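Okay, so here's the structure we're looking at.
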2 protein chains.
Amino acid sequence: MNVECIQKLRKGHFKITPKRRAILELFDKKDKCLSPEIIWTHLKKTFKQSGFPSVYRNLEIFVKQGILFRVERQGRKRYYALCHDHSGHHHHHIICVECGKADVFPECSFPDIKSVKGYKILNHSMQINGICKDCQ
Amino acid sequence: MNVECIQKLRKGHFKITPKRRAILELFDKKDKCLSPEIIWTHLKKTFKQSGFPSVYRNLEIFVKQGILFRVERQGRKRYYALCHDHSGHHHHHIICVECGKADVFPECSFPDIKSVKGYKILNHSMQINGICKDCQ
DNA sequence: TTCATAAATAGAAATAATTTCTATTTATAA
DNA sequence: TTATAAATAGAAATTATTTCTATTTATGAA
Ligand SMILES: [Mn+2]
Ligand SMILES: [Mn+2]
Ligand SMILES: [Zn+2]
Ligand SMILES: [Zn+2]
């Protein structure tokens, strides 16, 4: 777990636990989006004791702290991937629909407007779907 | 159910059934995104007999035919809203986070590129979240 | 280093959204 | 009018996610 992730957890008064380290190291190693189940299966190899609810809770904590983001994929499972950006700047991500590989998408062209059609704009979410070099 | 929706269903060889009419009329009337459960509750008033699985299946058929689109909201329920565009042109939507009202977002500024970082770009999805005039 | 404490955890159980299955009904084209 | 594929209801199954509680642990303060 790198120093930026530690800082992001400390900022929210979250503890640095072995399970949390292991989860983030798995993301580092796999370099793609992962489901809670995949993560839990992996944790069981190292820890023998490992609860599903902890995985869910930790994933949402990581999202809250800007370490992971949610990925939309086919099916009704959740997926998460490393944000890979510690600057805090607004950005989006591109996901490989085949293997789930995730990268930062380098620009956001969303117009700098405060409102449209009477709506006050709060935020926008975008996901770019593609096929990565390896899967092409 | 307007003529465009009928055409979109016919194009896929889907039948025009009373339940399908009623679902789309509910969307017309409510002018906001709806969950399967809300739709089913409404259908039961008119039809007495009404199955939950039919609602789910029809909602996905409507998405497939470009009549509805999926809305992301807090919680683990699905929501759908009327696409309100029969031109077939690419566009996005703005959703009121309070009441679920949905409108077409008039422009897409996504760059006209075919690839980025080695990924072949397939598509992108975007949702703009805001607060509508009535909810402000 | 020790200790007090809030935070994190495991495991079991509950929840609830969604899907599957099958017998029956119905919209549609011929 | 009729044959047929499509749609449906209702019950049951599935399964991802959440809740609950007793126990353990990371951390900051003494
Ligand atoms: Mn953006
Ligand atoms: Mn767009
Ligand atoms: Zn790939
Ligand atoms: Zn609103």
Side-chain angles (χ1 to χ4, degrees), chain A residues 1 3 5-24 26 33-65 67-68 70-80 100, chain B residues 1 3 5-24 26 33-65 67-68 70-80 100:
Chain A
M1 188 158 61
V3 60
C5 291
I6 291 174
Q7 286 174 343
K8 285 176 175 179
L9 285 176
R10 288 258 155 78
K11 198 185 295 179
H13 306 291
F14 295 109
K15 293 179 178 174
I16 314 299
T17 69
K19 302 276 166 69
R20 286 181 179 159
R21 285 184 185 279
I23 292 172
L24 293 179
L26 182 65
C33 65
L34 302 171
S35 65
E37 192 190 17
I38 288 169
I39 294 162
W40 178 66
T41 303
H42 180 268
L43 284 189
K44 279 198 302 185
K45 289 179 194 165
T46 316
F47 292 97
K48 289 193 294 289
Q49 295 209 129
S50 167
F52 227 142
S54 292
V55 175
Y56 275 90
R57 191 167 14 79
N58 281 328
L59 290 171
E60 281 303 305
I61 285 170
F62 293 149
V63 169
K64 191 175 166 191
Q65 299 309 110
I67 296 167
L68 300 180
R70 279 176 181 246
V71 174
E72 302 296 327
R73 302 196 80 183
Q74 288 297 112
R76 48 172 164 143
K77 272 187 188 164
R78 287 191 192 163
Y79 288 86
Y80 297 82
Chain B
M1 188 159 61
V3 60
C5 290
I6 291 175
Q7 286 173 343
K8 285 175 175 178
L9 285 176
R10 287 259 154 78
K11 198 186 294 179
H13 305 291
F14 295 109
K15 294 179 178 176
I16 314 300
T17 67
K19 303 276 167 67
R20 286 182 180 160
R21 284 184 186 279
I23 291 172
L24 292 180
L26 182 65
C33 65
L34 302 172
S35 65
E37 191 190 17
I38 288 170
I39 294 162
W40 178 66
T41 303
H42 180 268
L43 284 189
K44 278 198 301 186
K45 289 181 195 164
T46 315
F47 292 97
K48 291 193 294 286
Q49 296 209 127
S50 167
F52 225 142
S54 292
V55 174
Y56 275 89
R57 192 165 15 77
N58 282 328
L59 290 171
E60 281 304 304
I61 285 170
F62 292 148
V63 170
K64 192 175 165 192
Q65 298 308 111
I67 296 166
L68 301 181
R70 279 176 181 246
V71 174
E72 302 298 327
R73 302 196 80 184
Q74 288 297 112
R76 50 173 162 143
K77 273 187 189 164
R78 287 192 193 162
Y79 287 87
Y80 297 83

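Here is the naming used below: chain letters follow the sequence lines, and residue numbers restart at 1 for every chain. What you see is a predicted model; the values in this text were computed from it and never measured.
Atom CG of A:Leu68 is separated from atom CG of A:Leu24 by 6.0 Å, given to the nearest 0.5 angstrom. Here OG of B:Ser50 is found 10.5 Å from NE2 of B:His42. Values are rounded to the nearest 0.5 Å. To the nearest 0.5 Å, atoms SG (B:Cys5) and CD1 (B:Ile67) are separated by 4.5 Å. Distance check, rounded to the nearest 0.5 Å: CG of B:Leu26 to CD1 of B:Ile39 gives 6.5 Å.
Of the possible polar contacts, none joining the A:Trp40 side chain to the A:Val55 backbone as a donor-acceptor pair under 3.5 Å is found.
Take the nearest nucleotide of DNA chain D for B:Gly51 and for B:His13: the residue whose nucleotide is more 5' is B:His13.
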Protein proximity profile, nucleotides 25-30 of chain D - base contact B, sugar-phosphate-only contact S, no contact -, cut-off 4.0 Å on heavy atoms: BBS---

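On the nucleic acid side, DNA chain C contacts chain B at distances under 4.0 Å to non-hydrogen atoms, with the end points of that region at C:dT15 to C:dT28.
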Between the protein and nucleotides 12-16 of chain D, which nitrogen or oxygen pairs are less than 3.5 angstrom apart?
unit_1 : atom_1 : unit_2  : atom_2 : d
D:dA16 : O3'    : A:Arg76 : O      : 3.4

Would you mind writing out the side-chain donor-acceptor pairs for residues 9-21 of chain A within the sub-3.5 Å range, not counting sequence neighbours?
unit_1  : atom_1 : unit_2  : atom_2 : d
A:Thr17 : OG1    : A:Arg20 : N      : 3.2
A:Lys19 : NZ     : A:Gln49 : O      : 3.3
A:Arg20 : NE     : A:Asn58 : OD1    : 2.7
A:Arg20 : NH1    : A:Lys15 : O      : 2.8
A:Arg20 : NH2    : A:Asn58 : OD1    : 3.0

I'd like a table of donor-acceptor pairs (distance under 3.5 Å, sequence neighbours excluded) in which one partner is a side-chain atom from residues 71-80 of chain B, with atom names and distances.
unit_1  : atom_1 : unit_2  : atom_2 : d
B:Arg73 : NH2    : B:Val97 : O      : 3.1
B:Lys77 : NZ     : B:Glu37 : OE1    : 2.9
B:Arg78 : NH1    : B:Tyr80 : OH     : 3.4
B:Tyr80 : OH     : B:Glu60 : OE2    : 2.5

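Using a 4.0 Å heavy-atom distance criterion, B:Arg20 is classed as a sugar-phosphate-only contact.
Between the two ends of the helix from C:dT1-D:dA30 to C:dA30-D:dT1, each summarised by a five-pair axis, the helix axis turns through 50° (rounded to 10 degrees).
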